[in-house]
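Down below is the structure, laid out as structure tokens.
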Amino acid sequence: MTSEYSSRIRLQLINQQNAYQKQHMKELKTIVTEYHHLRHDTKNHFACMDRLLSQNNYDALKEYFYSLSKEIYALDNQIETGNEIVNQVINIKYAMAHKHQIPMDIQIVLPPHLSIPDHHLCSLVANLLDNAIEASRKIEDPKIVIEMKMVKDYLSLTIRNKMDPSMQDKALTIRTTKADKKQHGLGRQIIYDIVRRYNGCVRFL
């Protein structure tokens, strides 16, 4: 690995860490704003549901309640994994996936501290989920499954997502579908670099 390449990867990791911190603050601000709006509209929601109930319009009431419940759940749902840095990344990416109507099945149980540094852990999980969300936005009926757990002394991380079959060949190589060719395959390279740094292995299927 050349010195120029290593410096490029390190700089990218630092930039990503800063970007995710800014993104997290932005997401928190959005959640607080939406929560205040929802709280402000509570009386209006109750009035609408009361009118539907008085009209015996139970189907419309059920649909209204279901829609409102989903909105409240999205705002209130904070995923706990046992590890603070993973919590931050997963909650940001969960909110992003929810915004694009992409279901995310999260199965994560981790200890509070891992041997991998926080900035590398953040970049690893974030890059993998960014790829999964990007692929999921291009297909119908998307779904992302993420599993993280300790297997003896190793961190096991699995992310599964559906994708357009016509894009599968590109997904299995370092080619990119992004318009910005300067970032060509950089996320994938960062993933490989982090995994190899800690004597791990990675497979894209």
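If you're wondering where the values come from, they're calculated on a predicted model, not measured in any experiment. Residue numbers start at 1 and run along the sequence shown.
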For the residue pair [X] and [Y], what are the closest heavy atoms and their distance?
X      : Y      : answer
Met104 : Ala97  : CE-CB, 3.7 Å
Val195 : Cys201 : CG1-N, 3.3 Å
Pro142 : Pro103 : O-CD, 3.2 Å

query: Do Leu124 and Ile190 pass the side-chain contact (heavy atoms from CB on, under 4.5 Å) test, and can you show the C-alpha distance, the side-chain angles, and the key distance before you say yes or no?
result: CA-CA 7 Å; Leu124 178 64; Ile190 288 173; over 6 Å; no
Check whether any side-chain heavy atom of [X] sits under 4.5 Å from a side-chain heavy atom of [Y], and report yes or no.
X      : Y      : value
Ile79  : Asn87  : no
Lys162 : Ser136 : no
Arg197 : His120 : yes
Met148 : Leu155 : yes
Ile85  : Val125 : no

Expected output: side-chain Lys93 to main-chain Asp130 donor-acceptor under 3.5 Å: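 Such a contact is absent between Lys93 side chain and Asp130 backbone.
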query: Is the side chain of Asn127 donor-acceptor paired with the backbone N or O of Ser123 at a distance under 3.5 Å, no angle test?
result: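 Yes, because the side chain of Asn127 sits within donor-acceptor range (under 3.5 Å) of the backbone of Ser123.
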Does [X] belong to the same Ile/Leu/Val/Met/Phe/Trp/Tyr cluster as [Y], with side-chain heavy atoms less than 4.5 Å apart forming each link?
X      : Y      : answer
Ile139 : Val145 : no
Tyr198 : Tyr154 : no
Leu128 : Leu114 : yes
Val109 : Met150 : no

message: What verdict does the side-chain contact (heavy atoms from CB on, under 4.5 Å) test give for Leu121 and Asn83, after you've listed the backbone C-alpha separation in whole Å, the side-chain angles of each residue and the deciding distance to 0.1 Å?
response: CA-CA 11 Å; Leu121 183 61; Asn83 182 279; 3.9 Å; yes
query: Who are the side chain to side chain contact (heavy atoms under 4.5 Å, CB included) partners of Pro112, not counting sequence neighbours?
result: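 For Pro112, no residue satisfies side chain to side chain contact (heavy atoms under 4.5 Å, CB included) once neighbours in sequence are set aside.
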task: Sequence neighbours left out, what passes side chain to side chain contact (heavy atoms under 4.5 Å, CB included) with His100? Give chain and number order.
output: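 Partners of His100 by the side chain to side chain contact (heavy atoms under 4.5 Å, CB included) criterion, ordered by chain and then number, come out as Met96, Ile102, Arg137.
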Roughly how far, to the nearest 0.5 Å, is the [atom2] atom of [Y] from the [atom1] atom of [X]?
X      : Y      : atom1 : atom2 : value
Gln189 : Ile194 : CD    : CD1   : 12.0 Å
Ile116 : Cys122 : CD1   : SG    : 10.5 Å
Leu61  : Asp59  : CG    : CG    : 9.5 Å
Ile146 : Leu157 : CD1   : CG    : 5.5 Å
Glu84  : Leu110 : CD    : CG    : 12.0 Å
Ser156 : Glu147 : OG    : CD    : 7.5 Å

- prompt: Are Arg160 and Asp105 ion-paired here, with the side-chain N under 4.0 Å from a carboxylate O?
  reply: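 So Arg160 does not pair with Asp105 through a salt bridge.
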Could you go through residues 48-56 and list every donor-acceptor pair under 3.5 Å that involves a side-chain atom there, pairing it with any protein atom two or more places apart or in another chain?
residue : atom : partner : partner atom : Å
Ser54   : OG   : Asp50   : O            : 3.4
Ser54   : OG   : Arg51   : O            : 2.7
Asn56   : OD1  : Tyr58   : OH           : 3.1

message: Determine whether Ile90 and Leu129 satisfy the following criterion, side-chain contact (heavy atoms from CB on, under 4.5 Å), listing intermediate values before the conclusion.
response: CA-CA 9 Å; Ile90 292 296; Leu129 285 175; 3.7 Å; yes
